[in-house]
**Q** 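Mind looking over this structure? Questions follow.
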Amino acid sequence: MARHLITSALPYINGIKHLGNMVGSMLPADVYSRYLRQRGHDVLYICATDEHGTPAELAAKEQGIPVADFCAQAHDAQKAVYDGFALAFDYFGRSSSPQNVEITQHFARKLHENGFIEERAIRQVYSPADGRFLPDRYVEGTCPHCGYDKARGDQCENCTRVLDPTDLINPRSAISGSTDLEVRETKHLFLLQSKLQREVMEWVARHDGVWPHLASSIAHKWLTEGLHDRAITRDLDWGVPVPADTWPELAAEGKVFYVWFDAPIEYLGATKEWSDIDPSTRDWKSWWYDVDDTVRYTQFMAKDNVPFHTVMFPATELGIREPWKKVDFVKAFNWLTYYGGKFSTSQKRGVFTDHALEILPADYWRYFLIANAPESDDSSFTWEHFTATVNKDLADTLGNFVNRVLSFSKKRFGEEVPAGGEPGAAEARLGEQIAELLGEYESQMEALQFRKAAAALRALWSAGNSYLEEKAPWLEIKTDKDGAALTLRTAMNLIHLYAVVSEPFIPSSSAAMRQAFALPDDTATWVTPEEARSLTSVPVGTPFTVPPVLFAKLTEEDLEAYKERFGGEPA
């Protein structure tokens with residue numbers, strides 16, 4: 001089987017992430033990783049907190065604690081939420097790790113040796129009130145492109161255009177709010193992306209027709225506009241230090257690398273963190289170095305991260321002139337909106353992941369988000385849509401099927417899978433239908449088409465309900481007890497099948513369905529077409545229990561309570 005390296009965009013350290021962050025990177029990466037593992041592939045799913053840069057310093061300053069302490073606490077808080085969502089990372093690291101420092105400095109030295117880093121004197125914003133040069137995110141103002149008045153000096157959150165601090169209209173210090181800003185000369189390191197433009201264009205072009213349109217179009221847009229040499233150092237107290245053996249003057253001034261230079265390198269750094277836990281059995285370079293023919297690398301991210309992963313980081317990797325693994329497939333997502341408005345960490349708008357888990361278990365959110373993933377366009381979260389999806393798909397279609405099959409069988413046949421008669425035409429039709437739908441589900445998962453995969457999974461669940469309505473064992477038992485027992489036995493086998501194939505979407509509920517049957521050697525990781533057709537994986541006489549209700553139906557009172565707590569349409 002293939003070896004699959006999977007990464008999702010690193011969640012930034014300042015604060016718990018909202019549902020848009022979850023569905024735009026980490027959750028679909030987890031669903032895909034789980035699916036691949038079930039199909040027998042060797043999978044390494046790596047992620048980490050992105051801990052450098054201005055927001056971390058500002059957040060620590062606001063709390064009155066050292067930035068290292070702030071990041072350590074925030075990392076643990078985020079990891080607890082991701083554990084709550086059942087994200088099965090192989091490792092969840094930290095970009096402030098010694099491993100990332102080591103690899104980032106190595107990359108910088110190699111780029112310098114190859115003529116792709118240059119020291120330049122530039123004019124930079126200086127705040128007399130703060131007594132320091134202001135890195136890009138320390139400067140806020142109005143975006144010259146869209147007029148958004150809270151744009152940062154590196155990028156406008158509203159229109160996603162990349163900016164320089166001097167581009168902003170009415171700039172102010174993010175530290176003190178002072179508008180008394182000056183422009184002074186200082187020195188920084190520049191990555192000479194212009195010299196790498198042709199190589200990056202050729203590399204991106206090789207993925208045309210392979211990557212989703214969203215990822216390719218964003219990459220080509222950046223390349224059409226032209227790659228510009230970019231400053232990759234900042235005046236900050238927190239970050240990967242410029243190595244003194246290569247740039248002693250800048251190191252003495254305390255320069256650190258720009259967060260968008262070191263953050264993608266943390267994919268490698270986190271893999272080394274994972275490897276260093278047990279180097280006798282784990283080799284991080286076997287996933288990253290000179291492995292083009294043996295590892296398939298898939299990245300997951302929202303569209304605002306695409307330029308950095310499809311252009312800037314590949315330029316870095318190309319310039320190193322070493323055979324580090326480059327991404328094979330970029331799964332890019334549009335945005336999940338909140339009633340048509342943007343989720344916003346900074347403005348606390350929308351549902352945040354810790355609050356989501358306070359309301360309902362993770363499987364409710366996992367299914368809804370993937371079933372409505374913003375793949376082809378932005379999609380909107382509303383409480384009305386969420387409630388309707390939970391009630392129709394999870395409570396009525398899946399949960400009700402499981403409960404009524406097991407409850408009715410326990411009541412009429414006891415606590416073991418009944419024998420009943422031999423399968424007939426209805427069971428043969430059902431088996432063919434299940435095998436066909438399972439094939440569709442697999443095809444969509446292989447293609448990373450998550451909404452379509454969710455639709456195929458939903459159709460699998462619906463097929464069980466249709467079979468149950470057709471056979472109506474509650475009527476059948478009055479005239480044909482063996483026939484009713486066959487129907488229930490077949491339905492129980494469907495429940496086990498659902499438990500296996502639904503695991504990437506709803507792992508906790510899948511475990512509950514599987515545990516309903518006392519199978520001593522239940523090691524099934526997937527279902528073959530033959531098994532889907534025969535539906536005999538749960539033998540006659542297997543003890544079973546009726547699990548607690550898998551999914552509670554949400555009421556109008558619940559809906560109103562959610563809207564009262566979080567608001568409806570954003571102001």
**Q** Which salt bridge (charged side-chain N to carboxylate O under 4.0 Å, His left out) pairs, counting each pair once, include a residue from residues 376-394, with sequence neighbours left out?
**A** Lys303-Asp378, Glu384-Lys563, Asp393-Arg458
**Q** Can you name the residues that form a side-chain contact (heavy atoms from CB on, under 4.5 Å) with Ser380, not counting sequence neighbours?
**A** Thr337, Thr382
**Q** Tell me, do Leu87 and Arg366 make a side-chain contact under 4.5 Å, heavy atoms counted?
**A** yes
**Q** State, to 0.1 Å, how close Cys71 and Ile13 come at their nearest heavy-atom pair, and which atoms those are.
**A** O-CD1, 3.6 Å
**Q** Looking only at side-chain N and O atoms, does Thr49 offer a donor or acceptor that is under 3.5 Å from a partner on Gln78?
**A** no
**Q** Check whether the side chains of Asn372 and Ser379 place a donor and an acceptor atom closer than 3.5 Å, and report yes or no.
**A** no
**Q** Can Asp136 and Arg234 be counted as an ion pair, charged N to O under 4.0 angstrom?
**A** yes
**Q** List for me each residue that meets side-chain contact (heavy atoms from CB on, under 4.5 Å) alongside His207, sequence neighbours excluded, and say none if there are none.
**A** Trp203, Trp211
**Q** For residues Trp526 and Glu442, is any side-chain donor paired with an opposing acceptor at under 3.5 Å?
**A** yes
**Q** Tell me, please, which residues at least two apart from Glu358 pass side-chain hydrogen bond (donor to acceptor under 3.5 Å, both in side chains).
**A** Arg565
**Q** Between Trp461 and Phe551, does the ring centroid distance fall short of 6.0 Å?
**A** no
**Q** Please tell me whether Tyr297 and Trp288 form a close aromatic pair, meaning their ring centres lie under 6.0 Å apart.
**A** yes
**Q** Can you confirm if the aromatic rings of Phe368 and Phe381 lie within a centre distance of less than 6.0 Å?
**A** yes
**Q** Salt bridge check, Lys553 against Asp558: does any charged N sit closer than 4.0 Å to a carboxylate O?
**A** no
**Q** Are the charged groups of Glu446 and Arg296 less than 4.0 angstrom apart, N to O?
**A** no
**Q** With Phe257, which residues qualify under ring-ring contact (aromatic ring centres under 6.0 Å, His included), at least two apart?
**A** Phe261
**Q** Keeping to residues at least two apart or across chains, list the ring-ring contact (aromatic ring centres under 6.0 Å, His included) pairs with something in residues 48-72.
**A** His52-Trp238
**Q** Using side-chain hydrogen bond (donor to acceptor under 3.5 Å, both in side chains) as the criterion, list what pairs up with Glu556, not counting sequence neighbours.
**A** none
**Q** Centre-to-centre under 6.0 Å for Trp274 and Tyr45, is that the case here?
**A** no
**Q** Do Leu214 and Val306 have side-chain heavy atoms sitting under 4.5 Å apart?
**A** no
**Q** So that I can tick it off, tell me whether Glu503 and Arg34 are bridged by a salt bridge, with the cut-off set at under 4.0 angstrom between side-chain N and carboxylate O.
**A** yes
**Q** Using only heavy-atom distances, determine whether the side chains of Ser275 and Trp287 contain a donor-acceptor pair under 3.5 Å.
**A** no
**Q** Applying salt bridge (charged side-chain N to carboxylate O under 4.0 Å, His left out), which residue pairs with at least one partner in residues 261-270 are found, sequence neighbours left out?
**A** none
**Q** With sequence neighbours excluded, what pairs up with Tyr82 under the ring-ring contact (aromatic ring centres under 6.0 Å, His included) test?
**A** Phe92
**Q** Determine the sole option in Phe386, Phe85, Phe505 for which the ring pair (Phe, Tyr, Trp, His ring centres under 6.0 Å) test with Trp365 is passed.
**A** Phe386
**Q** With side chains defined as the heavy atoms from C-beta onward, is the minimum distance between Tyr32 and Pro504 less than 4.5 Å?
**A** no
**Q** Report the residues that fulfil side-chain contact (heavy atoms from CB on, under 4.5 Å) with Asp83, sequence neighbours left out, ordered by chain and then residue number.
**A** Lys79
**Q** Ser537: what forms a side-chain contact (heavy atoms from CB on, under 4.5 Å) with it, not counting sequence neighbours?
**A** Asn493, His496
**Q** Do Phe566 and Tyr338 have their ring centres less than 6.0 Å from each other?
**A** no
**Q** Would you list the pairs meeting salt bridge (charged side-chain N to carboxylate O under 4.0 Å, His left out) in which at least one residue belongs to residues 88-100, sequence neighbours left out?
**A** Arg37-Asp90, Glu51-Arg94
